[in-house]
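Got a structure for you, questions after.
A quick note: this is a predicted structure, and the numbers were derived from the prediction, not measured.
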Amino acid sequence: MKQLRTHLTEEAYTDLVKDAREKDRYQLYAMKEEGEIKAVIGFKPMITLYYGHFVWVCDLVTDGSSRSSGYGEKLLDFVHQWTEKNEYTCVALSSGLNRSAAHRFYEEKMAYDKVSYVFKKDFS
């Protein structure tokens, strides 16, 4: 996760995951191979007027040395299965503008549609 969320200290990360699990039903899963974490995914079920009942992928990252090995695809497939099993209608996520390789993965490999931009305004 440190490779994706470089701005977080370990303590801040732990606190945020704890809060998200307690308040937002956030779930975090990892893929391991030979005792090493190769990829992680964090997601939460949500309800909005736009998507209805859906699942938001908050975090997905594969270790830099293990990319293009199928870990991200397997984790997203897991979330897709979870989504269907729990009767949610779709999966959505956002991806940083500079992550063109991730965008190709989502659109070409995983058949996601680009449907919007995400805007943000900081208050800190």
Side-chain angles (χ1 to χ4, degrees):
M1 187 66 76
K2 183 66 175 166
Q3 293 177 30
L4 180 64
R5 305 292 177 222
T6 57
H7 64 288
L8 294 176
T9 64
E10 185 175 343
E11 181 181 2
Y13 166 77
T14 303
D15 290 345
L16 286 169
V17 168
K18 182 181 175 197
D19 279 351
R21 289 183 67 189
E22 291 173 0
K23 297 174 184 169
D24 270 348
R25 300 186 297 160
Y26 177 81
Q27 299 183 48
L28 182 63
Y29 292 87
M31 285 202 78
K32 286 177 142 184
E33 189 173 273
E34 298 179 10
E36 287 188 35
I37 294 175
K38 298 295 184 175
V40 295
I41 193 164
F43 66 95
K44 62 183 179 176
M46 294 180 64
I47 302 168
T48 65
L49 298 179
Y50 182 69
Y51 290 125
H53 294 80
F54 73 104
V55 171
W56 181 259
V57 175
C58 307
D59 311 290
L60 173 60
V61 63
T62 298
D63 181 70
S65 64
S66 298
R67 294 204 175 118
S68 298
S69 299
Y71 298 114
E73 181 178 3
K74 288 177 183 172
L75 284 173
L76 269 180
D77 283 343
F78 168 77
V79 170
H80 297 164
Q81 291 170 17
W82 188 98
T83 299
E84 290 182 324
K85 178 182 174 188
N86 290 279
E87 301 180 355
Y88 288 87
T89 59
C90 68
V91 174
L93 55 85
S94 69
S95 180
L97 294 172
N98 61 332
R99 298 185 181 276
S100 55
H103 303 166
R104 279 192 306 278
F105 168 72
Y106 295 127
E107 292 178 300
E108 297 172 13
K109 181 84 172 173
M110 301 306 297
Y112 276 62
D113 295 319
K114 189 185 308 179
V115 296
S116 68
Y117 288 99
V118 174
F119 294 92
K120 174 187 170 199
K121 182 172 181 166
D122 286 326
F123 290 94
S124 49

What verdict does the side chain to side chain contact (heavy atoms under 4.5 Å, CB included) test give for V57 and I41, after you've listed the backbone C-alpha separation in whole Å, the side-chain angles of each residue and the deciding distance to 0.1 Å?
CA-CA 7 Å; V57 175; I41 193 164; 4.0 Å; yes
Mind checking whether D63 and Y71 have side chains closer than 4.5 Å, heavy atoms only?
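Of all side-chain heavy-atom pairs linking Y71 with D63, none is under 4.5 Å.
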Say you draw a straight line from CD of Q81 to CG of N86; how long is it, rounded to the nearest 0.5 Å?
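Rounded to the nearest 0.5 Å, the CD-CG separation comes out at 11.5 Å.
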Any side-chain heavy atom of R104 sitting closer than 4.5 Å to one from K109?
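Side-chain contact under 4.5 Å: no.
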Non-hydrogen atoms of Y26 and G42 that approach each other most closely
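In terms of heavy atoms, the two residues are closest at OH-CA, 3.4 Å.
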Begin from the C-alpha positions of F78 and M31 and carry the test side chain to side chain contact (heavy atoms under 4.5 Å, CB included) through to its verdict.
CA-CA 11 Å; F78 168 77; M31 285 202 78; over 6 Å; no
Quick one, W56 with Y51, criterion ring pair (Phe, Tyr, Trp, His ring centres under 6.0 Å). Give me CA distance, side-chain angles, the key distance, then yes/no.
CA-CA 10 Å; W56 181 259; Y51 290 125; 7.3 Å; no
Distance from H80 atom NE2 to C90 atom SG, nearest 0.5 Å?
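Here the interatomic distance stands at 10.0 Å.
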So does G96 get a backbone contact from the side chain of H103, meaning a donor-acceptor N/O pair under 3.5 Å?
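Side chain of H103 to backbone of G96, a donor-acceptor pair under 3.5 Å: yes, one is there.
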Hydrophobic cluster membership, with links at side-chain heavy-atom distances under 4.5 Å among I/L/V/M/F/W/Y: are V79 and M110 in one?
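Result: yes, single cluster for both.
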List the steps, then state whether side chain to side chain contact (heavy atoms under 4.5 Å, CB included) holds for F43 with V91.
CA-CA 9 Å; F43 66 95; V91 174; over 6 Å; no
When the ring planes of H53 and Y88 are compared, do they come out parallel, tilted or perpendicular, using 30° and 60° as the limits?
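It falls in the tilted class, 30° to 60°.
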Indicate the ring-plane relationship of F119 and Y117, choosing parallel, tilted or perpendicular according to the 30° and 60° boundaries.
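Judged by the thresholds at 30° and 60°, the geometry between F119 and Y117 is tilted.
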Single-linkage hydrophobic cluster, 4.5 Å side-chain cutoff, L75 and W82 together:
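They do share one cluster, since a chain of ILVMFWY contacts under 4.5 Å joins L75 to W82.
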Answer with yes or no whether the hydrophobic clustering places V115 together with M46; edges join I, L, V, M, F, W, Y residues whose side-chain heavy atoms lie under 4.5 Å apart.
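In one cluster: yes.
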Let me confirm one number: the NZ-CZ distance from K44 to R21, rounded to the nearest 0.5 Å.
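It comes to 14.0 Å.
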Please round to the nearest 0.5 Å and tell me the distance separating atom CG of L16 and atom CG of D24.
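Rounded to the nearest 0.5 Å, the CG-CG separation comes to 11.0 Å.
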Please tell me if the side chains of L76 and L60 come closer than 4.5 Å, counting only heavy atoms from C-beta onward.
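They are in contact (side-chain heavy atoms under 4.5 Å apart), so the answer is yes.
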With K32 via side chain to side chain donor-acceptor pair (under 3.5 Å) - residues at least two apart
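With sequence neighbours excluded, K32 shows a side chain to side chain donor-acceptor pair (under 3.5 Å) to no residue whatsoever.
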Suppose we screen for ring pair (Phe, Tyr, Trp, His ring centres under 6.0 Å). Which residues come up paired with F105, at least two apart in sequence or across chains?
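Scan of F105 (ring pair (Phe, Tyr, Trp, His ring centres under 6.0 Å), adjacent residues dropped) gives none.
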Under 4.5 Å between any side-chain heavy atoms of R67 and V61, yes or no?
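R67 vs V61: side chains touch.
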Rounded to the nearest 0.5 Å, what separates atom CG in D59 from atom OH in Y29?
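Here the rounded value is 14.0 Å.
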Any donor-acceptor N/O pair, T62 side chain to S68 backbone, under 3.5 Å
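The answer is no, because no donor-acceptor pair under 3.5 Å joins these two groups.
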Do you know which two heavy atoms are closest between V118 and S94, and how far apart they sit?
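That closest heavy-atom pairing would be CG2-CB, 3.6 Å.
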